[in-house]
Number of protein chains: 2
Amino acid sequence: MDREVARGHVLDAAEELFYGKGIQAVGMDDIRSLSGVSLKRLYQLFATKDRLVEAYLERRDLGWRRRLAEHVETCDDPEGRIIAVFDWLELWFGEPGFRGCAWINSYGELGATSPTVATQARRHKQAFGRYLETLTDGAHLPRDLAGHLLLLAEGAMVTAGILGAPGTAAQARAAARLLLESARRTRPPAPAG
Amino acid sequence: MDREVARGHVLDAAEELFYGKGIQAVGMDDIRSLSGVSLKRLYQLFATKDRLVEAYLERRDLGWRRRLAEHVETCDDPEGRIIAVFDWLELWFGEPGFRGCAWINSYGELGATSPTVATQARRHKQAFGRYLETLTDGAHLPRDLAGHLLLLAEGAMVTAGILGAPGTAAQARAAARLLLESARRTRPPAPAG
DNA sequence: TGACTGAGAGAACCAGCGTTCTCTACGTTA
DNA sequence: TAACGTAGAGAACGCTGGTTCTCTCAGTCA
């Protein structure tokens, strides 16, 4: 089996298990069973469990942000794009197996003891925050708004994860609309021409 | 040593260690060392680690909500009380050893495998949400606002915990003010008399 | 005084798990 | 065909940690 193919299988298994059950609840043996990659090979690909966790979080970060961006880019209106973030959250929350934000969960589990996990969580949230800033910049709205939207989105992820309330994303979107209107009122769009 | 005194010492140790390092990173032996209560006594007080975790989360829930309510009640103005929630978050975030929300962290760590922890986290968040509803009811503002404020507060806890950004609570408070104004505009206070 | 109860200290037991090692078998090349 | 390198299966190792057991001792009551 090709090295890259094996790597992909291992990361697929890691993502399913780590996200679904938590990192410490999953043993390297479980990864082996689900991926079909032998322990020996597994340790050739990832020297320690910590490295596997890091690779899992890195790959998921790229995928998560790509999926979000792809959805947002289906919308042409700069302000609509901001709202589209919350539409995408709603889609995500509704996916089978949704269990909250992988980075929030990992950070809660290992943030205090694993610098690797703490760093990955911080990077992911910073990247998401910067992405929201590109959206508010694109709509000529103040960056304060991006900060507020970040809080709403994070709160929605947590609340949807713990409470599983079905209307959480819609609630966040409604709040986002109100904040967007407030921001538009204080800083109207650049004059045409 | 009196039973209740020993129980208090154990829970003090549990709270310090579980909150600071995560639940799975702390062994019963660590609890014994810090509390000064022997393992035998410890297991007489809490039959299993799971029961100790439950008692820790229950006691912390009562203390956390009491401290919040005490701060909020220093303010007489119904709308000011709503803002006071975010003032209190700012105080909390600034405390030494702050490491995010104990329930969000516990849920991330054990929510998928421990019904005890999942239940405690859900209960705590529901109680906090209901408390916010009493505040919006008291200010004659719609309950939608309470839901939005919950998302902001949860998002602030997560963001302050992971990013440690010092301005997070102030940002959440600013967003809360905007949402409160929006809500007041659509549903003005009940007519006097 | 002498059996009994309860407490503390710490060893012991047992299971889980990260990591490594052994054994076997198969494909490749001279 | 025969030596060799590599891979897989799974046992083994060592450590951690939840839980229980043992031993000792102080205090109590007949």
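Protein chains get the first letters and strands the later ones, always in sequence-line order, with residue 1 at the start of each.
- Between A/Y43 and B/S38, the residue anchored closer to the 5' end of DNA chain C is B/S38, taking for each the nucleotide with the nearest heavy atom.
- In this structure, CE on B/M157 lies 12.0 Å from CD1 on A/I104, to the nearest 0.5 angstrom.
- A salt bridge links A/R59 with A/D12: at least one charged nitrogen is closer than 4.0 Å to a carboxylate oxygen.
- Side-chain contact check for A/D87 versus A/R173: some heavy-atom pair is nearer than 4.5 Å.
- Contacts with DNA chain C (heavy atom under 4.0 Å) in residues 45-56 of chain A: A/T48, A/K49, listed by number.
- The distance between atom CZ of A/R41 and atom P of D/dA9, rounded to the nearest whole Å, is 12 Å.
- Protein atom CG of B/L42 is 11 Å distant from nucleotide atom P of D/dG18, rounded to whole Å.
- When side chains are defined from C-beta on, A/R177 counts as touching A/I83, because their heavy atoms get closer than 4.5 Å.
- Distance, B/R32 CZ to C/dA9 P: 7 Å, rounded to whole Å.
- Sorted by first then second residue, the ring-ring contact (aromatic ring centres under 6.0 Å, His included) pairs that include residues 24-49 of chain A, not counting sequence neighbours, number zero.
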>> Run the side chain to side chain contact (heavy atoms under 4.5 Å, CB included) test on B/L178 and A/L178 for me, step by step, so that the C-alpha distance in whole Å, both residues' side-chain angles and the decisive distance to 0.1 Å come before the verdict.
In response: CA-CA 8 Å; B/L178 295 174; A/L178 295 172; over 6 Å; no
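- Taking 4.0 Å as the cut-off between side-chain N and carboxylate O, B/E73 and B/R81 do not count as a salt-bridged pair.
- Listed by residue number, B/V26, B/G27, B/M28 are the residues of residues 12-29 of chain B with a heavy-atom contact under 4.0 Å to DNA chain D.
- We find that NZ of B/K40 is positioned 7 Å from C1' of C/dG6, with the value rounded to whole Å.
- Counting heavy atoms of neighbouring residues, nucleotides and ligands inside a 6.0 Å radius, atom CZ of A/R51 does not exceed 12 of them.
- Comparing C/dA7, C/dA11, D/dA7 by their closest approach to the side chain of B/L39 singles out C/dA11.
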